[in-house]
Every structure is written in structure tokens, then in C-alpha cells.
Amino acid sequence: YTYFISGEGRVLAVSDDEISLGITAGATNAEVVLQAGLLFGNAVRDGTGLLNVNDYPNSQDFNAISEALNHVIEARVQPKLRERAKVGATIQFAGCAEVNDESTDLKPLRVVPVLAEVEPHR
């Protein structure tokens, strides 16, 4: 399943590839992870629900859409997010998540951010 979600969380940890967020008050373990490294897969293309594989006679064209969307996020969303996200900051985000196995994919939920606004820690 793929989902388009939005929310707000407090930054618990930052690495080169991900930003861990606590969503509920007082959370000490990551509940959502914003992906901040190289993107692979179709979460954004499929999470929006706007495209149908049957509209593309060539599957390579359909897959090229995922590559292009991932590239836009890597170039426009992730650099600002990595630069501004610091432990304790608050991030409002919208993005796409893919869930294949509920027992592993929900703890934490991995989200490809398509929009992220960072409010510095006060």
C-alpha cells in the first residue's frame, strides 16, 4: 500500500540518509523517518494516486515518472531539509509512504518528503 500523508514531528536524530521524528508528545523513539538520502522506488508516484499504470502503454515510461519525481525531491526538498533539520526542531511535512509489511514498515514509518518546513528549536 502507498499513502500520501502529512503531519508534524520533533526531530529526535539526524543522519546523512534520514531524519527521525517523534510525533506524539514525549516520544523518545522515532515514529516517522523522513528519507533524506538517495531515493529508489515508487512511493511518490503511487502515493499521490494520480497516475494509473494502464494509462502508459510502455512500463518504462511509467517507471521513468518515479525516477523523475525522486530526482526532483533529491534536488529541491532534501537539501534544505538536511540543512535545517536539527535535533529539537519541529518539522511540518507532507510525503508518501509505502507499507508492504505492517510489522516492520510502521515502526517507524518511512516517508519520502515532498514538502517539509522546519521550525528551529527554541
Please check if atom CD in Glu117 has more than 12 non-hydrogen atoms from other residues, nucleotides or ligands closer than 6.0 Å. no
When you measure from the side chain of Gln78 to the backbone of Gln35, do you find a donor-acceptor pair of N or O atoms at a distance under 3.5 Å? yes
State, yes or no, whether a side-chain contact exists between Asn29 and Leu12 at a heavy-atom distance under 4.5 Å. no
Can you confirm whether Asp16 is buried at CG, in the sense that more than 12 heavy atoms of other residues, nucleotides or ligands lie under 6.0 Å from that atom? no
Mind checking whether Val114 and Tyr3 sit in one hydrophobic cluster, side chains of I, L, V, M, F, W, Y counted as touching below 4.5 Å? no
Look up atom CG in Asn42 and atom CG in Asn63, then write down how far apart they are to the nearest 0.5 Å. 6.0 Å
Pro108 to Val33 - nearest heavy-atom pair and separation: CG-CG2, 3.3 Å
At what distance, to the nearest 0.5 angstrom, does CZ of Arg110 lie from OG of Ser20? 8.0 Å
Would you name the heavy atoms of Arg82 and Lys86 that are closest together and state the gap between them? O-NZ, 4.5 Å
Within the 3.5 Å criterion, strictly below it, is a donor on Asn70 or Arg45 matched to an acceptor on the partner's side chain? no
Could you state the interatomic distance from NE2 (His71) to OG (Ser66), rounded to the nearest 0.5 Å? 14.5 Å
Kindly compute the distance separating NZ (Lys107) from CD (Glu102), expressed to the nearest 0.5 Å. 10.0 Å
Would you find a donor on one side and an acceptor on the other, under 3.5 Å apart, between the side chain of Glu31 and the backbone of Ile23? yes
CG on Asp46 to CG on Leu51, rounded to 0.5 Å: 8.0 Å
Can you hop from Val32 to Ile5 via hydrophobic side chains spaced under 4.5 Å? yes
Here the pair of heavy atoms bringing Asp105 nearest to Asn100 is OD2-N, 2.6 Å
Determine, using the 4.5 Å side-chain heavy-atom cutoff (strictly less than), whether Val44 and Val77 are members of one ILVMFWY cluster. yes
How long is the gap from CG on Asn52 to CZ on Phe62, to the nearest 0.5 Å? 7.0 Å
Taking all non-hydrogen atoms of both residues into account, name the closest pair between Leu81 and Pro113 and its distance. CD2-CG, 3.9 Å
Among the clusters formed by ILVMFWY side chains lying less than 4.5 Å apart, do Tyr56 and Leu69 turn up in the same one? yes
Without swapping roles, check the side chain of Glu74 against the backbone of Leu39 for a donor-acceptor pair under 3.5 Å. yes
When every non-hydrogen atom of Ile91 is compared with those of Ala116, the smallest separation belongs to CG2-CB, 4.2 Å
Do the side chains of Leu21 and Leu106 join up, straight or via other hydrophobic residues, at under 4.5 Å, putting them in one cluster? yes
What's the shortest heavy-atom distance between Arg10 and Ala27, and which atoms? NH2-O, 2.8 Å
